[in-house]
There are 4 protein chains.
Amino acid sequence: MTDKKERILTATEKLLATHGFHGLSMQMVAKEAQVATGTIYRYFDDKDDLLFQLHEYILGYIANKISQNISDSMSLKQRYRTMWLNLWQMSVSGNAPLINQGQFQNLPRKNAHERKALNKHLFSCVNQMFDEGKACNLFKPLDNEILSTLSLETSCYLARRKINGGLEITDSELNAAINASWDAIIQH
Amino acid sequence: MTDKKERILTATEKLLATHGFHGLSMQMVAKEAQVATGTIYRYFDDKDDLLFQLHEYILGYIANKISQNISDSMSLKQRYRTMWLNLWQMSVSGNAPLINQGQFQNLPRKNAHERKALNKHLFSCVNQMFDEGKACNLFKPLDNEILSTLSLETSCYLARRKINGGLEITDSELNAAINASWDAIIQH
Amino acid sequence: MTDKKERILTATEKLLATHGFHGLSMQMVAKEAQVATGTIYRYFDDKDDLLFQLHEYILGYIANKISQNISDSMSLKQRYRTMWLNLWQMSVSGNAPLINQGQFQNLPRKNAHERKALNKHLFSCVNQMFDEGKACNLFKPLDNEILSTLSLETSCYLARRKINGGLEITDSELNAAINASWDAIIQH
Amino acid sequence: MTDKKERILTATEKLLATHGFHGLSMQMVAKEAQVATGTIYRYFDDKDDLLFQLHEYILGYIANKISQNISDSMSLKQRYRTMWLNLWQMSVSGNAPLINQGQFQNLPRKNAHERKALNKHLFSCVNQMFDEGKACNLFKPLDNEILSTLSLETSCYLARRKINGGLEITDSELNAAINASWDAIIQH
DNA sequence: CATGAATGAGTTTTCATTCAT
DNA sequence: GATGAATGAAAACTCATTCAT
């Protein structure tokens, strides 16, 4: 990806996180990215396309982050814990500001079918974990999306609360939260 | 609250749900609310103020909805289940379209302290449930905000997935999801 | 004149002085005058009429002020000096804010002919002074308007400079200024 | 200064002269200047800024006009007369319509200090004349601002009366007025 | 390729005036 | 007479997009 294109995407994400959709102008993006306004239109058809491509860009970033330090030799619980913390770190550190903002889902997207296929591909390590867990009767026999929402994603939601200023959380509470979310999906 | 003010808030909410933030103009609001554009400015300082007050208005609506059909005589599990479904119904039916959308992140906000106080007051029935559950050692000894994020709120997150088009969910799956989220917060 | 009408005129003058034409709204006038907006329209046809009547109101006020402590028995120089200081006091004290603002001449007016007749009537003591001075060859044989502009009115212009912040002036300088302006109209 | 910026300033001045502050809209300015409305906002923050910058622009114009055909070799009286008539011509011809109108009173201003410095620089030829006159005891020993108000500026005030419709003045009367204003500042 | 000034349709906001109470 | 909520036309201002350089 060109340097400029990447700068534009990064700038857009940053501005979206700080100013929200309401209040994102192409001139602001250009200024933040240190390019001319016209330059944006070399890489993106229009504003919608910029937002659309940003969505994919972020998705790729998250997929990459979530699977860091994961290997098949790790136990399911270890893998779960690592992914949960990967998400948490990313959310809390502000590296992917849009996830914790819940603004992410407002980006324009492909249709449901395409998205599912994309997710399956990008988040294969996550799906693999859920599939293995269900195969050995450790996990409840539910759709991966449901399992993910009930467990892994609580990581992002907690991070959002922390960042938005309401929640203070200690390391031991964080640990407890990971285990609690694990309890949601395992069989008892 | 004046008739007109309420009509403006309702109109705004409706338009926000159908068109999103991007396509919300004061003219549209005025037309939908059947008032003159200038009238909006009698009740709200500007567009931001309108959105901010809408936020509070909706919060009140949600608080009211969540506690419907709840009584102290019900068991904790029954209360939990009812609240979970109250949230789910509201989210899925589109009656409180904004709750799912994280659209309010960038509105001017009260500070964390004020917000916490407000939440405590509005969602007292929720807090009471968590407090009782912890008192009798049924629930894990965690902060109510954490417990809520891990359990009740999954209702909204699942609803969002459903609405956004990705997720189809049967009644029995829904039941399983409720129980799974309950598992997250009870002691095992 | 009704109490309310007077309050409206006074409020208008004050607001005009502080905010200028640009930035004078009927609602502001109503608020400042502590009447309802609609009330203004009981006493004035429309905004232009309000401004027009204000002009006459102020003119009357000035005419009254300028002739205070003037009697025919005083010498011309004494009368001149007194009028000059009457104008100066009024301008500097902020009692007739519009004169020093130079905004006065922007108020809508009757046509030149009517105005001349009005001025002749209102400022008869001024005209009398100039006429007497010319009759005894003390003053230069010029039109009263010209004489007034060259002499008496410098009082207002100096006051304006003082109020606008640029000019500091001592009592003896003030005296010198009065005498200098007198020099402009007497024969040498 | 850019071509467009100058065109906007000129258009604004013209419209202000013909329609007054009351009837000056940004659309009109754009149309008169033959630019798009948005273009104005490239060069000026908002309407107030446009007016403020116009003020400075006109001040420069006046300073330039006032010193036309002035040379150090001319006698003080000649210089005075020339400047007086320069001002008169400019005021009467409507080339600097705003000078007479006191319309700038309510614009956001520099503070008194800055303004004084600016004036000293712009109107150096005026100040030089007054300084020389005082040095050789021809003029009264008063502050230049006072001298100017009592003498030179009567040119503008008379012009204003003429333009506003009240005053007709012949060439010989004009001459007499110049000499009369000169009398105000010289020692007798 | 990159620029950024220019565009003008579309937005937010104001405000003179009316009118039911 | 007095009120002030309501109006809506007209104003100020924004911003996605284009295009000459």
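These figures come from a predicted structure and were not determined experimentally.
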Lys31(B)/Thr37(B) under side chain to side chain contact (heavy atoms under 4.5 Å, CB included): CA gap, chis, key distance, verdict:
CA-CA 8 Å; Lys31(B) 199 173 176 185; Thr37(B) 45; over 6 Å; no
Measure the CG-CD distance between Leu24(D) and Glu13(D) for me, rounded to the nearest 0.5 Å.
12.0 Å
Given that Gln34(D) and Met28(C) both sit by DNA chain E, which one's nearest nucleotide is further toward the 5' end?
Gln34(D)
Expressed as a whole number of angstroms, how long is the span from [X]:[atom1] to [N]:[atom2]?
X	N	atom1	atom2	answer
Ile8(A)	dT3(E)	CD1	C1'	13 Å
Lys5(C)	dA2(F)	NZ	C1'	16 Å
Asp49(D)	dA12(F)	CG	P	15 Å
Arg7(C)	dG1(F)	CZ	P	15 Å
Phe44(C)	dG1(F)	CZ	P	14 Å
Ile40(C)	dG1(F)	CD1	P	16 Å
Leu15(A)	dC15(F)	CG	P	12 Å
Lys31(D)	dA9(E)	NZ	P	13 Å

For [X] against [Y], the heavy-atom pair lying closest together:
X	Y	value
Ala30(B)	Ala36(B)	CB-C, 4.0 Å
Ile62(C)	Met90(C)	CG2-CE, 3.9 Å
Lys4(B)	Val35(B)	CD-CG1, 3.7 Å
Gly23(C)	Met28(C)	O-SD, 3.4 Å

Given that both distances must come in under 3.5 Å, which nucleotide forms a Watson-Crick or G-U wobble pair with [N]?
N	value
dA20(F)	dT3(E)
dC15(E)	dG8(F)
dG10(E)	dC13(F)

Using a cut-off of 4.0 Å on non-hydrogen atoms, how would the nucleic acid contact of Tyr43(B) be classed: base, sugar-phosphate, or nothing?
sugar-phosphate
Counting primed atoms plus P, OP1 and OP2 as sugar-phosphate and everything else as base, spell out the protein contacts along nucleotides 16-21 of chain E at 4.0 Å heavy-atom distance: B, S or - for each nucleotide, 5' to 3'.
BBB---
For the pair Tyr57(A) and Glu6(A), evaluate side-chain hydrogen bond (donor to acceptor under 3.5 Å, both in side chains) and give the outcome as yes or no after the intermediate values.
CA-CA 9 Å; Tyr57(A) 176 75; Glu6(A) 185 136 20; 2.9 Å; yes
Comparing Gly23(A) and Val35(C) on DNA chain F - which has the more 5′ nearest nucleotide
Val35(C)
Any side-chain N or O of Lys4(B) less than 4.0 Å from the OP1 or OP2 oxygen of dA6(F)?
yes
